[in-house]
Amino acid sequence: MEILMKLLVRNLDRLTTEDELKSLFQEFGAVQSCSLVIDRDSGESKGFGFIEMPKSGEAKAAIKNLNNKTVGSNIIRVKKAEQ
């Protein structure tokens, strides 16, 4: 049985939207959820977010291909989220 894998995406360009982030990861498989962490006061992205992918193989492919990739004006970092 596949186990849902949660990924942490850091160093995002503050202009990157949830939709853009989700479509990046959908190139590698199904995305169950995508959420940017938003600053309560400013309403702007804090520059990181979480992706949940139902298939660990697809999630690992996404990590391998997207870690250190330039998105917008930033080089993003992707890794498995700690529990």
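What you see below is based on every heavy atom in this structure, not just the backbone, and it leaves out hydrogens, waters and symmetry mates.
- The side chain to side chain donor-acceptor pair (under 3.5 Å) search around S35 returns none, not counting sequence neighbours.
- Nearest heavy-atom pair across P54 and A30 is CD-O, 3.3 Å.
- The main-chain N or O of I76 is never found under 3.5 Å from a side-chain atom of R10 such that the two would form a donor-acceptor pair.
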Practice prompt. I would like to know whether L4 and M53 meet side chain to side chain contact (heavy atoms under 4.5 Å, CB included); could you show each step before the answer?
Written response: CA-CA 6 Å; L4 182 76; M53 298 181 76; 5.9 Å; no
Practice prompt. Go through the steps to decide whether R77 and N67 satisfy the test side chain to side chain contact (heavy atoms under 4.5 Å, CB included), and finish with yes or no.
Written response: CA-CA 5 Å; R77 290 194 300 284; N67 190 40; 3.8 Å; yes
Worksheet item: Are N65 and E27 close enough, and set up right, to give a side chain to side chain contact (heavy atoms under 4.5 Å, CB included), and what steps lead you there?
Response: CA-CA 10 Å; N65 289 281; E27 290 177 35; over 6 Å; no
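- Within the 4.5 Å cutoff, no side-chain heavy atoms of I63 are placed close to those of F28.
- Taking the side chain to side chain donor-acceptor pair (under 3.5 Å) definition, one finds that E58 meets it with nothing, sequence neighbours left out.
- If you chain together hydrophobic residues whose side chains sit under 4.5 Å apart, L8 and V71 never meet in one group.
- Nearest approach of L36 to S45, heavy atoms of both residues: CD2-OG, 4.5 Å.
- Atom CG of L15 is separated from atom CD of E44 by 8.5 Å, given to the nearest 0.5 angstrom.
- Here the closest heavy-atom approach between residue C34 and residue I51 is recorded as SG-CD1, 3.7 Å.
- The structure places CE of M5 at 4.5 Å from NZ of K60, a figure rounded to the nearest 0.5 Å.
- At least one side-chain heavy atom of S73 sits under 4.5 Å from a side-chain heavy atom of D13.
- In this structure, CD1 on I75 lies 4.5 Å from OG1 on T70, to the nearest 0.5 angstrom.
- Qualifying side chain to side chain donor-acceptor pair (under 3.5 Å) partners for N74, counting only residues two or more places apart in sequence or in other chains: none.
- By the criterion of side-chain heavy atoms lying less than 4.5 angstrom apart, applied directly or through intervening Ile, Leu, Val, Met, Phe, Trp or Tyr residues, V9 is grouped together with I38 in one hydrophobic cluster.
- Put simply, CD on E20 and CZ on F25 are 13.0 Å apart, with the number rounded to the nearest 0.5 Å.
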